[in-house]
Protein chains: 2
Amino acid sequence: MDSKDFQIIRELQKDGRLSNQELSERVNLSPSPCLRRVRNLEKEGVIRGYAAIVDEPSLGLSVTAFVRVTLERHTEETTREFEDSIRRIDEILDCYVMTGGSDYLLRVIAPDLQSYERFVRERLHKVKAIASIDTGFAYGVVKRSTLLPYPV
Amino acid sequence: MDSKDFQIIRELQKDGRLSNQELSERVNLSPSPCLRRVRNLEKEGVIRGYAAIVDEPSLGLSVTAFVRVTLERHTEETTREFEDSIRRIDEILDCYVMTGGSDYLLRVIAPDLQSYERFVRERLHKVKAIASIDTGFAYGVVKRSTLLPYPV
DNA sequence: GATAATATTGGCAGAATCTGCCAATAGGGG
DNA sequence: CCCCTATTGGCAGATTCTGCCAATATTATC
């Protein structure tokens, strides 16, 4: 992976629907090697996919919550079961394993506070082995970027 | 916005590079009305853009940190200044305003712990009006989804 | 329930883009 | 300096895009 690849990655992070033609001009290549590089980055898993970035409020999703979860036990099986459950719940968009007592941090999206309450009662509390949850709500977004730092 | 629009949004969240042809087949439309709907969703700001999803470790970015920030003062000017600074720092990918004492939650990406330390000392601590910061590291990813819930 | 007004659709065609192949070029090692 | 390998640019057939128009579906009004 050389600097051309980084440039390509950078441009596609900024606009994932760039035509190969336009992309090739921006990184100073002709279309065919450019396309070959893109395909390669996809094949190698450097580019994991492409997604439309959607405005949540426009879809009536105005609540973003961050939820800290701690587990009762940390056996391999409990953990696996917990993580499988998380992956199956659509309202949970992201889930990270955090340092400090094997917690998880979830990012959850819901239409409103009421729906979020229901999500916690009907979905999250049904997940086995959860010891405690602690919700914080986001009531504003300052920044959301898809452009990773450093490799210029 | 009707159910066809929701379907389109759904498909483009799953694959942002879908050709209009393929997309139109998936949502049972012919290409031209399909494209018109997509353009409209873009114009209305429902679709805010498209992005390549990149594997961070492949770019040598293996540290994800969540940082809680509290401000010393909460005047309009302090807040604005703080938020502007945040937006200018590349390592900070996301920044949410959180409930409970006007905190912020940042998601930060760095190559390693050392770089993260340097980021905190050289960048974050230079931002005015920060009273305290509290970092939690993600050492695993269970789930990351670009597909918003509900509107089936 | 019929009719008119409006919005949305499907098809078409010229323009643009994609994409696999091949010869030419650039870069590295002996 | 030459050879070997990797990468590039150009080409061409196939595909896709995209704006326009007539046809169809939807909605409002009476």
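Protein chains get the first letters and strands the later ones, always in sequence-line order, with residue 1 at the start of each.
- Environment of NZ in Lys128(A): sparse, with no more than 12 heavy atoms of neighbouring residues, nucleotides or ligands closer than 6.0 Å.
- Among the nucleotides dT19(C), dT17(C), dT18(D), the one closest to any side-chain atom of Gln21(A) is dT17(C).
- Between the NZ atom of Lys4(B) and the C1' atom of dT26(D) there is a distance of 15 Å, rounded to whole Å.
- Nearest nucleotide to the side chain of Asn20(B), out of dC17(D), dT17(C), dG10(C): dC17(D).
- Among the nucleotides dG9(D), dG10(C), dT17(C), the one closest to any side-chain atom of Ser30(B) is dG10(C).
- The side chain of Arg39(B) contributes no N or O atom lying less than 4.0 Å from OP1 or OP2 of dC17(D).
- The side chain of Leu35(A) lies closest to dT19(C) when the candidates are dG9(D), dT16(D), dT19(C).
- Taking atom CD of residue Glu25(A) and atom P of nucleotide dC18(C), one finds them 11 Å apart after rounding to whole Å.
- Under the 3.5 Å distance criterion, with hydrogens and angles disregarded, no donor-acceptor pair is assigned to the side chains of Gln13(A) and Tyr50(B).
- Closest-nucleotide positions on DNA chain D for Ser19(B) and Pro33(A) were compared, and the one nearer the 5' end corresponds to Pro33(A).
- Not one side-chain nitrogen or oxygen of Arg36(B) sits closer than 4.0 Å to the OP1 or OP2 atom of dA7(C).
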- [ ] List the steps and the verdict of salt bridge (charged side-chain N to carboxylate O under 4.0 Å, His left out) for Arg80(B) and Glu76(B).
- [x] CA-CA 6 Å; Arg80(B) 197 177 39 70; Glu76(B) 174 130 8; 6.0 Å; no

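- Under the 30°/60° scheme for interplanar angles, the aromatic rings of Phe66(B) and Tyr96(A) are found to stand perpendicular.
- Ranking dT18(D), dC18(C), dC21(C) by closeness to the Ser32(A) side chain, first place goes to dC21(C).
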